[in-house]
**Student:** 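Here it is, the structure, as structure tokens.
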Amino acid sequence: MYDHRAETMSRDERAALQSDRLRALVDRLLSLGGVQGGRLREAGVESGADVDLDDLPKLPMTNKQDLWDHYPLGMLAVSLDDVVAVHGSSGTGGRPTLVGYTRADLDLWAAMCARSLGCAGATPSSVVHNAYGYGLFTGGLGIHQGAVKLGAAVVPMSGGMTPRQVRMLVDLQPDILTCTPSYAVRLGEALYETGVDPDQLNLAAGVFGAEPWSEALRTKIEALLPLGALDIYGLSEVIGPGVATECMEAQQGLHVNEDHFLVEAVDPLSGEPVPEGTSGELVFTTPTKEALPLLRYRSGDIAALSSGECRCGRTLVRMSKVLGRYDDMLVVRGVNIYPSEVERVLLADGRVASHYQLVVDRRADASRLLVACEPLGGEPASEPAGGPVGGLPGGLAGELQHALRQELGLTAEVRVLPVGSVPRVEMGKAVRVVNWAEGDPPPVPGLT
Ligand code: DLL
């Protein structure tokens, strides 16, 4: 563990710390007098001393719209002179969300990412092959600074140029791989294509995040690459990667660094808290951040929280894997579906590759959902989860359609297209859902 004391302190001790920090945040926001301070006053809060940790669910919320309304950096709580870095996410619809960091924020972020790497068993002797994109996106530089903080050797690969990545995996013998889960699959395929035996590698753990991925994809990645695949979660508004990470010991739920990021799960419609273990929208409060402290920021991400003990010894609350963003939920003939659920069903079949795209065909009046996928072929076969392999692609498509209907109640048309049809993302996040409007060419070649 990177910070044994912080990660294993008793719940009571942590709650006392969180309470103190929350009060200090409330005082700070009130004294700044910005949007968040104004909302606190409207809610009748005049001082940090007025609030306790239990009052958190009653305090006002913030959301992405607030950041957009004050674009580019209008919600900063410090002067621009104190900002030493700016990052952000391209976001939905190309509308960026920008965030600023002070020097202390960068230190905090590096420590959080060092904790994440520690969850994967990384030590100062580790070599970290970092294939998250470097740039405005927080993945590359966030993990980079975490690895440096830990004292490991970081290889700043960024995304893309896959043949060179394969070369570095062989030549530098990293034990930790960090990238998006979809790029991990791409790297696994590339090893296979170039004839590199995975036994030549020294990988032990992968820290994969920035996009939703299913347990079925974990199984797939662990079959492709010789490593334990762990989930890491974060968002620019809160800090970037390093908000929460799975541990190698349990690989079950992501430990939220709740001494710095207070987390709640609420009903996405009513905003009311949901019971522990029930999926809800994650809401974060960042009491220790300087440049952009946020009170009850609605992440839009759907996951469940659990405070049960973990075998790794960390006492931090755990969040489940993220099902998806509430905005990305598809409603198909009255059935609510997240792309990660479709992924789970497709991959459980054992005959299709992990490249898939959901196409919402809006050309006709009644929109229909097309699921474009590929048979295995570009990657080594893993053991099929259900029954023997067989059947023509047509039969396979029919069987997948049936499985989607049985398991999710989803009516969709599955198209099994030639290997290479579904676009691969070498840089950035996988695009799982696309729209097909009247007059547009097919978003995936071969789709009719
Ligand atoms: O994606 C930060 C990050 C970088 C996390 C690298 C992990 C690894 P943004 O670009 O601001 O920041 O996007 C944040 O990505 O609200 C989620 O919807 C999604 N997301 C991030 N991690 C996960 C994950 C980074 N592990 C948005 N599972 C978040 C599911 C994730 N979704």
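Start at 1 and go down the list; that is how both ligands and their atoms are numbered.
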**Student:** When you measure from atom 22 (N) of ligand 1 to every protein heavy atom, which one gives the shortest distance, and what is it?
**Tutor:** Ala210 N, 3.1 Å
**Student:** Just need the protein heavy atom nearest to atom 13 (O) of ligand 1, so name the residue and atom and give the distance.
**Tutor:** Lys429 NZ, 2.8 Å
**Student:** Among all residues two or more places apart in sequence or in another chain, which pass the ring-ring contact (aromatic ring centres under 6.0 Å, His included) test with His87?
**Tutor:** Tyr101, Trp109
**Student:** Can you report which non-hydrogen protein atom sits closest to atom 5 (C) of ligand 1, along with the distance?
**Tutor:** Gly234 N, 3.6 Å
**Student:** Looking at atom 28 (N) of ligand 1, what's its closest protein heavy atom, distance included?
**Tutor:** Glu211 O, 3.3 Å
**Student:** Just how far is it from atom CZ of Arg432 to atom CD of Glu211, taken to the nearest 0.5 Å?
**Tutor:** 5.5 Å
**Student:** Between Arg186 and Thr162, is the side chain to side chain donor-acceptor pair (under 3.5 Å) condition met? List the steps.
**Tutor:** CA-CA 8 Å; Arg186 178 71 204 104; Thr162 305; 4.6 Å; no
**Student:** Do me a favour and list the nearest non-hydrogen protein atom to atom 11 (O) of ligand 1 with residue, atom name and distance?
**Tutor:** Ser236 OG, 2.5 Å
**Student:** So which bit of Leu235 gets within less than 4.0 Å of ligand 1, heavy atoms only: side chain, backbone, both or neither?
**Tutor:** both
**Student:** Just to confirm my output: which protein heavy-atom neighbour is closest to atom 16 (O) of ligand 1, and how far is it?
**Tutor:** Asp301 OD2, 2.6 Å
**Student:** Taking salt bridge (Lys or Arg N to Asp or Glu O under 4.0 Å) as the test, write out the residues that go with Asp55, two or more places apart.
**Tutor:** Lys58
**Student:** Quick one about Ser307 and Glu276 (side-chain donor to acceptor, distance below 3.5 Å, no hydrogens or angles considered), yes or no?
**Tutor:** yes
